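Here is how names work: the chains are called A, B, and so on, in the same order as the sequence lines, proteins then strands, and each is numbered from 1. Computation of the quantities below employed the complete heavy-atom set of this structure, encompassing side-chain atoms and omitting hydrogens, waters and symmetry-equivalent molecules. Just so it is clear, the model here is predicted, and its values are computed rather than measured.
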Amino acid sequence: METGTIPLASLSGGLDLYRTLESGQSYLWRRADGEMYQSEPDPGTWYHTVVDDEVIRVRTLEDCLEWQSWTDAETQVRRLLRLDDDLEAIVATAPDDPLLREAYDAHRGMRLVADPPFGTLISFICSAQMRVSRIHTMVSTLAREYGTALEFDGETYHAFPTPEQLATATEDELRELGLGYRAPYVVRTAEMVANGEAHPAEARNLEYEAAREYLCQFVGVGDKVADCVLLFALDFDEAVPLDTWIKSAIEEYYPDCDGGSYATTSRAIRDRLGSEYAGYAQTYIFHHLRTGSGE
DNA sequence: GACCAGGTAGCAA
DNA sequence: TTGCTACATGGT
């Protein structure tokens, strides 16, 4: 087993692992104590994920981020948690907006994630009309039932299923597992990727709005889910998912940005939240409002 | 026992 | 294009 540490002082803007992994951006990490979304973890609690059949564990200690894996995973960890983002600069150059300032101040150190595209796609197909904690449960269930089991340091971990593995699932099976009406969406999207019809990673090469359109070809994916995949897996930092929380924020704080359709509202709110890093702003506002931190 | 949750597909006007 | 409505399920 390899292990290593990254000094927190070396990260611009710091790192809040808890808020980064439990703010509803990523559903592909789990917490060693199994209490995600219940309470804040004790200091030093491990989180783990599986990427390319390698288990990766991370935790924050007093002054560093510690990681463990079979091989040197520092590059991967830096990528997954976007440790090289200049968070201080992103916050400093954000639009001077009261709500955004409040959100950035309240959750200092929260970073965007860069998760694998397929798992992110399926996660957010499952997210429709669903609470954050339940989305996490559904994704964990899919991993347990269809993903590759891996032994690491005496424990068993499950990778999120590959498109091929998930395409073997039937709609009835997924309904049994509690996915409800999302079951056929997951199966059909997994089949589309498995048979080579399309792949979410392909969107990376497109211009933003074309990329969003591309992702909408998957079953169960509309503009909002597409934006989540672009933001949390494909490095489109300008993507602003228009979910229930951000819509209520628009209604209350940015009413002039409501252009009626998703496309026009999207352009207006991206512009208002700073274009280049509008997605960062959205993620902070989402978390701030959803957790009621401002009250 | 309503009401709600990081919405989308399908269909009508 | 825009505007309904049905869709599963578990928690409060």
> Does the side chain to side chain donor-acceptor pair (under 3.5 Å) test come out yes or no for A:Tyr277 and A:Asp85, once each step is laid out?
Replying inline: CA-CA 11 Å; A:Tyr277 292 108; A:Asp85 283 7; over 6 Å; no
>> So A:Gly222, base contact, sugar-phosphate only, or nothing? Heavy-atom distance under 4.0 Å.
In response: sugar-phosphate
>> Using a 4.0 Å heavy-atom cut-off, does A:Arg182 contact any base of the nucleic acid, only the sugar-phosphate backbone, or nothing at all?
In response: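 Base contact.
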> What is the ring orientation for A:Tyr284 with A:Tyr104, classed by angle as parallel under 30°, tilted 30 to 60°, or perpendicular over 60°?
Replying inline: tilted
> Once the angle between the rings of A:His107 and A:His288 is folded into 0 to 90°, is it parallel (under 30°), tilted (30 to 60°) or perpendicular (over 60°)?
Replying inline: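 Rings of A:His107 and A:His288: perpendicular, over 60°.
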> Given the rule in the side chain to side chain contact (heavy atoms under 4.5 Å, CB included) test, do A:Arg101 and A:Val91 qualify, once you have shown the distances and angles that lead to the verdict?
Replying inline: CA-CA 8 Å; A:Arg101 285 289 157 206; A:Val91 173; 4.2 Å; yes
Taking atom types as modelled and ignoring hydrogens, do the side chains of [X] and [Y] form a donor-acceptor contact shorter than 3.5 angstrom?
| X | Y | answer |
| --- | --- | --- |
| A:Asp97 | A:Tyr253 | no |
| A:Thr283 | A:Gln25 | no |
| A:Tyr208 | A:Asp237 | no |

> Quick one, which residues of residues 255-270 of chain A touch DNA chain B with a heavy atom under 4.0 Å?
Replying inline: none
Tell me: [atom1] of [X] to [atom2] of [N], nearest whole Å?
| X | N | atom1 | atom2 | answer |
| --- | --- | --- | --- | --- |
| A:Asp223 | B:dA9 | CG | C1' | 13 Å |
| A:Leu242 | B:dG7 | CG | C1' | 12 Å |
| A:Phe286 | B:dG7 | CZ | C1' | 13 Å |
| A:Lys224 | B:dA5 | NZ | C1' | 11 Å |
| A:Gln129 | B:dA9 | CD | C1' | 13 Å |
| A:Met130 | B:dC3 | CE | C1' | 14 Å |

>> Under 4.5 Å between side-chain heavy atoms, counting indirect links through other Ile/Leu/Val/Met/Phe/Trp/Tyr residues: same cluster for A:Val55 and A:Met36 or not?
In response: no
> What integer number of Å spans the P atoms of B:dC11 and C:dA8?
Replying inline: 15 Å
>> Using atom P in both nucleotides, what's the gap between B:dC3 and C:dT5 to the nearest angstrom?
In response: 16 Å
>> A cation-pi test, strictly: NZ or CZ of A:Arg57 under 6.0 Å from the centre of the six-membered ring of A:Trp46 and no more than 45 degrees from its axis. Yes or no?
In response: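 Yes, A:Arg57 sits over the ring of A:Trp46.
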>> Reading DNA chain C in the 5' to 3' direction, which nucleotide is the first one with an atom under 4.0 Å from a heavy atom of chain A, and which is the last?
In response: C:dT2 to C:dG11
>> Please compare A:Arg134 and A:Val219 by the position of their nearest nucleotide in DNA chain B and report the one closer to 5'.
In response: A:Arg134
